[in-house]
Amino acid sequence: AQSVAQPEDQVNVAEGNPLTVKCTYSVSGNPYLFWYVQYPNRGLQFLLKYITGDNLVKGSYGFEAEFNKSQTSFHLKKPSALVSDSALYFCAVRDVRGYQKVTFGTGTKLQVIP
Amino acid sequence: DGGITQSPKYLFRKEGQNVTLSCEQNLNHDAMYWYRQDPGQGLRLIYYSQIVNDFQKGDIAEGYSVSREKKESFPLTVTSAQKNPTAFYLCASSNRATAHEQYFGPGTRLTVT
C-alpha cells in the first residue's frame with residue numbers, strides 16, 4: 001500500500017521569507033511524486049512533479065521541491081513567500097509500475113502573513 | 001480547472017434521494033477519477049476509470065455508482081445508501097504521457113439535508 005504524510009496541518013510564514021511544506025511518502029516501488037495547490041472552493045491545480053532525474057524539481061509560481069530517496073521525502077519550497085501563496089497544499093504519490101491510482105496527503109494550509 | 005467541467009457548482013438534495021454529479025473533459029485523457037474532500041481528510045478516491053466501459057472501486061465506493069460510456073464523460077451518482085453524502089466532490093482526469101498528473105475540475109459542493 002502507498003501512503004503520504006503531511007505532518008503539519010498549517011504553516012505560517014512571513015511575506016518575503018522562505019517557506020517549506022513537508023511531505024514524506026511510502027510506496028512499494030519507485031515513486032512518482034506530485035504537489036498540488038487548492039484555493040478556497042476550487043479544484044486542485046498542479047504545481048510540479050518528480051518522475052526521474054534531477055532531485056530538485058522546479059514548478060509553477062516559483063515553487064520547487066527536492067526529492068530525497070533515503071529520507072522518502074518530497075518537501076515543497078519557495079525562496080520568498082507571497083501573500084497570494086496562501087492556500088491549501090497537497091502532496092501525492094503514485095507507484096511507477098503503471099497503476100494509475102494516486103494517493104494524496106491530508107493537506108497543509110499555508111498562511112503567508114503580510 | 002481548464003479542460004474539465006463539473007456541474008452544478010452547488011447542489012442541494014433531501015435525504016433519501018439519489019443525485020448525479022456531472023463531469024466532462026475535453027483533454028482526450030484516458031483515465032478519470034472521482035474524489036471526495038472533507039475537512040482535514042484530504043482527498044479520498046471514490047471510483048476511477050482507465051478506459052471507456054471500465055471502472056474500478058476506490059477506497060470509499062460504498063453508496064456511490066459511476067458509468068463511463070464515453071471517453072469524455074464520467075458521471076457520479078450519490079445514492080441514498082451513502083450515509084454521509086454532504087461533501088465537496090472533485091473530478092479529475094489524467095494521461096499516461098504525463099505520468100498521470102491529474103487535472104481537476106472546479107468541484108461540486110453537495111449538501112444533503
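Within every chain, numbering begins at 1; the chains are lettered A, B, ... in the order of the sequence lines, protein sequences first and strands thereafter. Keep in mind the model is a prediction, meaning the values are calculated, not measured.
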> Measuring heavy-atom distances to chain A, does B:Gln6 have an atom under 4.5 Å in its side chain, in its backbone, in both, or in neither?
Replying inline: neither
> Do you know which of A:Lys49, A:Lys109, A:Gln6 has the most heavy-atom pairs under 4.5 Å to chain B?
Replying inline: A:Lys49
> Under a 4.5 Å heavy-atom cut-off, does chain A meet the side chain of B:Leu43, its backbone, both or neither?
Replying inline: both
> Which value, rounded to the nearest 0.5 Å, describes the distance between A:Thr103 atom OG1 and B:Asp59 atom CG?
Replying inline: 7.0 Å
>> Determine whether the aromatic ring centres of residues A:Phe104 and B:Tyr35 are separated by less than 6.0 angstrom.
In response: yes
>> Grouping I, L, V, M, F, W and Y whenever their side-chain heavy atoms are under 4.5 Å apart, do B:Met32 and B:Val66 come out in a common cluster?
In response: yes
> Counting only heavy atoms not in A:Gln10, do more than 12 sit closer than 6.0 Å to its CD atom?
Replying inline: yes
> NZ of A:Lys58: more than 12 outside heavy atoms within 6.0 angstrom?
Replying inline: no
> Does atom OH of A:Tyr39 have more than 12 heavy-atom neighbours, drawn from other residues, nucleotides or ligands, at distances under 6.0 Å?
Replying inline: yes
>> Counting only non-hydrogen atoms closer than 4.5 Å, does A:Gln38 touch chain B with its backbone (N, CA, C, O), its side chain (CB onward), both, or neither?
In response: side chain
> When clusters are formed by joining ILVMFWY residues with side-chain heavy atoms under 4.5 Å apart, either directly or through shared neighbours, do A:Val21 and A:Leu47 land in the same one?
Replying inline: yes
> For A:Asp9, is it the side chain, the backbone, both, or neither that has a heavy atom closer than 4.5 Å to a heavy atom of chain B?
Replying inline: neither
> Do B:Val19 and B:Tyr47 sit in the same hydrophobic cluster, where Ile, Leu, Val, Met, Phe, Trp and Tyr count as joined when their side-chain heavy atoms come under 4.5 Å apart?
Replying inline: yes
>> Could you measure the distance from the CD atom of B:Gln102 to the CD atom of A:Gln45? Nearest 0.5 Å is fine.
In response: 14.5 Å
>> If we ignore hydrogens and angles and just use 3.5 Å, is the side chain of B:Lys9 paired with the main-chain N or O of A:Asn41 as donor and acceptor?
In response: yes
>> Hydrophobic clusters here meaning ILVMFWY residues chained together by side-chain heavy-atom distances under 4.5 Å, can you tell me if B:Leu11 and B:Ile46 are in one?
In response: yes
> Are A:Leu48 and A:Leu82 joined in one hydrophobic group, where the rule is that I, L, V, M, F, W and Y side chains link up if heavy atoms are under 4.5 Å apart?
Replying inline: no
> What pair of heavy atoms forms the shortest contact from A:Arg42 to B:Phe88, and how long is it?
Replying inline: O-CE2, 3.7 Å
> Take atom NZ in B:Lys71; do more than 12 heavy atoms of anything else shown fall under 6.0 Å from it?
Replying inline: yes
> About how many Å separate CD1 of A:Ile51 and CD of B:Glu101, when rounded to the nearest 0.5 Å?
Replying inline: 7.5 Å
> Going by residue number, which parts of residues 24-37 of chain A are within reach of chain B, meaning a heavy-atom gap below 4.5 Å?
Replying inline: A:Tyr32, A:Phe34, A:Tyr36
